[in-house]
Amino acid sequence: MSAYEEFGEQPEIEARNLRIMEALLFASEEPVDLEAMRPYLSDGADLDALIDALQRQYAGRGVTLVQRGSKWAFRTAEDLNFLLRREQTDTRPLSRAALETLAIIAYHQPSTRAEIEEVRGVSISKGTLDVLMEAGWVRMRGRRRTPGRPVTYGTTDAFLDHFGLEALSDLPGLEDLKGAGLLSSRVPSSFQVPLPFAGDLTDEEDPLDPDDLGDPESDDESND
Amino acid sequence: MSAYEEFGEQPEIEARNLRIMEALLFASEEPVDLEAMRPYLSDGADLDALIDALQRQYAGRGVTLVQRGSKWAFRTAEDLNFLLRREQTDTRPLSRAALETLAIIAYHQPSTRAEIEEVRGVSISKGTLDVLMEAGWVRMRGRRRTPGRPVTYGTTDAFLDHFGLEALSDLPGLEDLKGAGLLSSRVPSSFQVPLPFAGDLTDEEDPLDPDDLGDPESDDESND
Amino acid sequence: MAETTDLWSQDLPERAEPDAVLHVDVGGYEGPLDLLLEMARKQKVDLTKISVLALAEQYLAFIETVRKQRIEIAADYLVMAAWLAYLKSRLMVPQHADDDEPSGEEMAALLQFRLARLEAMRDAASRLMNRSLLGRDIFKRGMPEPISITRHALWEADLYQLLRAYAAQRERGIPAEYSVHQRSVWALQDAREILERLIGQSFEWISLDTYLAQYLAKPDERATALASSFSASLELVRLGQVELRQNAAFAPLMMRRRQGDVQ
């Protein structure tokens, strides 16, 4: 092959050395030290010249030979790295816990984590609010002006969009829920379904702190 | 690069296609289906011409491009085997029974458990087919359209890869065995020798039932 | 396998020694065909030229020897022995013209075929293993560059599910919000006091229902009021304070202060 011709005197031996080097570098599970390849090569092989030749053979190809410290490895050409990343969209049903949490936030917003837990009767696992925020349906609104200043949660426009609501006031009220058979008619007279608050911030809320968006959970949990 | 020059009209596009194909194949441990690469290539790219060109570029090198069924992979050159040979410490050698069963399935496929037993003259112990399926070399293909509808077994692409076969027609000695009538289930004289059939399903096979994949043995044994 | 081959290179009579026989467990073979194949190889000729008759006799003799040592033999071996015995008889006895059964020659050809086929598969297996194997002779990329897949979850939920979830958990919360309804029960003593007060000094026959009218109107008190005041009225009768009368079954129960009680 033309690629091997540069080794004037012993082209066959050098070509063989190059093949072996190539195979060793390919099959190795970690970058390979030049000296580690010597036992496989012909006596007196010029390791530097060989690796240099091999690197030039792969220059501009889809795979290139790169140096990592004193070691060498084949790597996908940098401009083709996009091939190694792939975006994939899965549809998954929302868990019951997430669905219930979302429902409470929708009706009772702005609500803190503790308030959600009070309605649910169980604590919320860390992942649940994450999922809802990742889905883009729930956002942190502000902080309640009570001791501990807990974060308040509310729904987003994407929430309205996904559930086909024009406004939060479209959420069915007590009588609608009873009419649809979702609430039994035996609920006590004191039972109320709140009217969700759709505005920016209530009188009882402060804006979020500047660093709130970093890690919502840790802040929130420290207030529990 | 000179290697890309053969594509007359759009050398740059083809050069890019080749680089992408090279990168995708090089990045993967397992053989890659040709069609799976299409989304990354230019519209209307000629996959066969590209893979052919790439294979020629690597011919004679230390790493070569090999076909494995409908898939392709870079593998170290076969003639370097004595240099690179590693003792396999992590895999247990196959039992004689498993080896023979594998050979029978490879050469006779699709074959039922009863047919394998007929060739070996002994019943297959429960673990034998399991071991071969766990190794990824044997798969359930379908069901034979005979009374009892026994499951049929065949080999996988991983089998081709492991044993360095481009296709089932590469099985060593296949033609001789065919000629000698030894791949038949009947005494030679008035019979047609079936080629090992790697395709989807023969005329005599039905697709697997949905629950077949759960417990391969139980179905088959009930037909014994 | 090497072990059994070695044993087979000895002469058969030596196997008669108990110790030897125990090692020649037929389980060492991969079935009767395997055993036959080993025996056929001892004839050191092409499988197509072996003497099937001699092979059959050798197999039967072997099985007989093993059985004498009372070693358990798998059914496969016995089935083969029976078949070979039949084959032997077919080969030795001339065949009638009207015999539909396969001839001895056909059976012999079948046996030869099966032995040849098994041997061919055995060869094929070793030829496969002698190829350059992946991971032993040929290698895949040692440092694959995995394709990292960024997954975007598209969560599915609809308004109905949302509302049902909300209603269900709010309703779950209800029982804790108000006290358990206390059922009013008339104790017997209370019933008696109420009855005595109602009857007063009346000597008119008046039905129990009339006395209790105001209580029976309340659905949740009706049963207990009736039951307790009836019991209480029986108590009053026993004490001789009240008289009871009923004209027919299910007719109103009439009561009055007993005459002369006041006197």
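Below, read A as the first sequence line, B as the second, and so on, with proteins coming before strands; counting in each chain starts at 1.
Separating the CD atom in B:Glu100 from the CD atom in C:Glu30 is a distance of 6.0 Å, to the nearest 0.5 Å. Note that the CG atom of C:Leu118 and the CD1 atom of B:Ile104 stand 7.0 Å from one another [nearest 0.5 Å]. Atom CG of B:Leu102 and atom CE of C:Met129 lie 8.5 Å apart (nearest 0.5 Å).
A donor-acceptor pair is defined here as one N or O able to donate and one able to accept, closer than 3.5 Å; such a pair exists between the side chain of C:Arg141 and the backbone of B:Phe26. No side-chain donor-acceptor contact under 3.5 Å links B:Thr76 to the backbone of C:Ile138. C:Arg131 places a side-chain N or O within 3.5 Å of a backbone atom of B:Phe163 that can act as its donor or acceptor partner.
Between C:Asp137 and B:Arg75 there is no salt bridge, since none of the side-chain N atoms of the basic residue sits less than 4.0 Å from a carboxylate O of the acidic one.
With a threshold of 4.5 angstrom between heavy atoms, B:Ala73 does not approach chain C through any atom at all. For B:Glu118, the parts sitting under 4.5 Å from any heavy atom of chain C are the backbone and the side chain alike. The parts of B:Ser123 that come within reach of chain C are both its backbone and its side chain, each placing non-hydrogen atoms under 4.5 angstrom from that chain.
Interface summary for chain C: among B:Ala27, B:Gly173, B:Ala103, the most heavy-atom pairs under 4.5 angstrom belong to B:Ala27.
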Decide side-chain contact (heavy atoms from CB on, under 4.5 Å) for B:Leu177 and C:Met121; before the verdict, give the C-alpha distance in whole Å, the side-chain angles of both, and the deciding distance to 0.1 Å.
-> CA-CA 9 Å; B:Leu177 291 173; C:Met121 284 302 107; 4.0 Å; yes
I would like to know whether B:Arg120 and C:Arg117 meet side-chain contact (heavy atoms from CB on, under 4.5 Å); could you show each step before the answer?
-> CA-CA 9 Å; B:Arg120 295 196 64 229; C:Arg117 189 175 57 180; over 6 Å; no
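A cation-pi arrangement is found for B:Arg86 relative to C:Phe139, the charged atom lying closer than 6.0 Å to the ring centre and inside a 45° cone about the ring normal.
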